[in-house]
Amino acid sequence: MSKRNNQKGFTLIELLVVIAIIGLLSSVVLASLNTARLKARDTAIKSAVIQYRTLLEQEFNDTGSYANLQKGWADVGSCSGIGIAGTYAAKAIELCNAIVTNSAATSPLGGQYKLHIGTAINFNSYYSVMAWLPSKGAYFCVGSGGATSERMGSAGYTSYWDQPGCYSNP
């Protein structure tokens, strides 16, 4: 008569293989989530910039100037102290804060340079909004001429300014 082994269960090797597979799958999912999170931030930034463009156009329709809503770099983590004024100031500051908050990654111009609202040409007649997109490593620009661009500068940081919709080319 032979002895029968009636023990049920998994061997140590089988358990280790299952744990390794679960660990591998979870690391893939976490990496995908981080990429999706960054892309969602980019989308939120673009949406806020487009809404800011609408405010600028409303300001121009009301006052004949874009100057009240263009004040240069919003680099302090809060846009309330940069001097935005006028009828649409509260909404502009809200959008500005949303852009700066979502653009938490460091830009190539320095950690604080995440949003620029203004142009080199004439604040009264033209506008430009440049916002840093963390997942793309580029600035998203919209300008008064209707141009938009999303491109990283190729010849140092000064080439950011020349893109359509950006500081020197609104």
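Computed from a prediction, not measured in an experiment: that's the story for all the values here. The residues of the chain are indexed from 1 along the displayed sequence.
- For the pair S26 (side chain) and I22 (backbone), a donor-acceptor distance under 3.5 Å is present.
- When every heavy atom of A44 is checked against every heavy atom of N102, the shortest pair comes out as CB-ND2, 3.7 Å.
- What you find for G86 and N68 is that their closest heavy atoms are CA-ND2, 4.0 Å.
- Under the 4.5 Å side-chain heavy-atom criterion for grouping Ile, Leu, Val, Met, Phe, Trp and Tyr, F123 is not connected to V129 through any hydrophobic cluster.
- Y66 approaches Y127 most closely through the heavy-atom pair CE2-CD2, 3.4 Å.
- Criterion: ILVMFWY side-chain heavy atoms under 4.5 Å apart, direct or through other members. Under it, V17 and L25 are part of a common hydrophobic cluster.
- Listed here is the closest heavy atom pair of M130 and C141: CG-SG, 3.4 Å.
- Atom CG of L30 has more than 12 heavy atoms from other residues, nucleotides or ligands within 6.0 Å.
- In terms of heavy atoms, L69 sits closest to L55 at CD1-O, 3.7 Å.
- Scanning all heavy atoms of the two residues, the minimum distance from V142 to R53 falls at CG1-NH2, 3.1 Å.
- Transitive grouping of hydrophobic side chains (ILVMFWY, heavy atoms separated by less than 4.5 Å) keeps I50 and Y126 in distinct clusters.
- I93 and V49 fall within a single hydrophobic cluster, where Ile, Leu, Val, Met, Phe, Trp and Tyr side chains are chained together by heavy-atom contacts under 4.5 Å.
- Hydrophobic cluster membership is shared by F60 and L95, with clusters built from Ile, Leu, Val, Met, Phe, Trp and Tyr side chains linked at under 4.5 angstrom.
- Remark: the backbone N or O of T54 is not paired with any side-chain donor or acceptor of Y88 at under 3.5 angstrom.
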